[in-house]
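Here the structure comes first, spelled out in structure tokens, and everything after it is commentary.
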Amino acid sequence: GENVEQHPSTLSVQEGDSAVIKCTYSDSASNYFPWYKQELGKRPQLIIDIRSNVGEKKDQRIAVTLNKTAKHFSLHITETQPEDSAVYFCAASGHQGAQKLVFGQGTRLTINP
Amino acid sequence: DTGVSQNPRHKITKRGQNVTFRCDPISEHNRLYWYRQTLGQGPEFLTYFQNEAQLEKSRLLSDRFSAERPKGSFSTLEIQRTEQGDSAMYLCASSRAGGNSPLHFGNGTRLTVT
């Protein structure tokens with residue numbers, strides 16, 4: 001089955017700097033890659049997603065890139081702000097339309113003012 | 001708030017007791033999912049429904065776990081004879097059917113088995 005590895009497990013950056021989180025997946029059939037942000041005690045919230053027919057997607061300060069050949073995808077946050085501090089999870093769906101997401105282990109991002 | 005609703009938010013139970021959680025999905029979503037999240041880990045898939053049909057169950061889901069969605073709306077997850085290893089956050093999510101529709105998660109039910 002699908003396996004998703006996420007790095008780093010913790011990341012600390014200065015406010016205003018960029019943050020990058022990387023994930024690799026094992027199942028070449030995976031075709032959907034969402035990123036979720038989870039604040040302490042709260043629900044995971046979808047912040048951006050990408051499908052396998054697209055190499056890059058941007059939404060304001062957030063971007064995701066996908067390299068299907070290498071089976072890795074990355075989250076980029078620019079101009080970081082204190083409210084970006086949270087745990088971020090990548091995920092991959094290996095079943096067409098079934099949304100059986102396999103999540104990475106999470107990255108705890110801390111933005112230092 | 002018309003998002004996914006889960007009850008209760010917290011449940012403390014003694015080992016060996018049965019517990020039941022409820023999930024109310026977003027009303028127009030016909031897919032409903034249960035995930036389990038332990039501290040410091042990402043959510044793990046347990047099972048999912050399309051309308052009232054339970055279409056897939058993870059091998060993680062022992063026979064002590066049962067989920068239902070009798071009328072294709074709300075769902076319940078029951079754990080029988082709870083064990084300390086069942087302590088976790090149980091997350092429900094819902095989505096529209098078709099393609100890769102995004103999952104919307106609820107706030108979860110935190111289960112503590114003492």
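Order of the sequence lines fixes the chain letters, A, B, ..., with proteins taken first and strands second; residue numbering starts at 1 for each chain. Because only heavy atoms are used, hydrogens play no part in the values below, and waters and symmetry mates are left out as well, while side chains stay in.
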**Prompt:** Is B:R22 positioned over the aromatic face of B:F74, cation under 6.0 angstrom from the ring centre and no more than 45 degrees off axis?
**Reply:** yes
**Request:** With a 4.5 angstrom heavy-atom cut-off, could you sort out which part of B:Q37 is near chain A: side chain, backbone, both or neither?
**Result:** side chain
**Request:** Kindly write out the residues that satisfy side chain to side chain contact (heavy atoms under 4.5 Å, CB included) with B:K14, not counting sequence neighbours, or none if the list is empty.
**Result:** B:Q17, B:T114
**Side chain, backbone, both or neither of B:R9 within contact of chain A (heavy atoms, under 4.5 Å)** = side chain
**Asked** Do B:F45 and A:F103 have ring centres separated by under 6.0 Å?
**Response** no
**Asked** Hydrophobic clusters join Ile, Leu, Val, Met, Phe, Trp and Tyr when side-chain heavy atoms are under 4.5 Å apart, directly or via other members; which others share one with A:L11?
**Response** A:V4, A:V13, A:I21, A:Y25, A:F33, A:W35, A:I47, A:I48, A:I50, A:V54, A:I62, A:V64, A:L66, A:F73, A:L75, A:I77, A:Y88, A:V102, A:L109, A:I111
**Message:** Is A:Q6 close to chain B through its backbone or its side chain, or both, or neither, when contacts mean heavy atoms under 4.5 Å?
**Reply:** neither
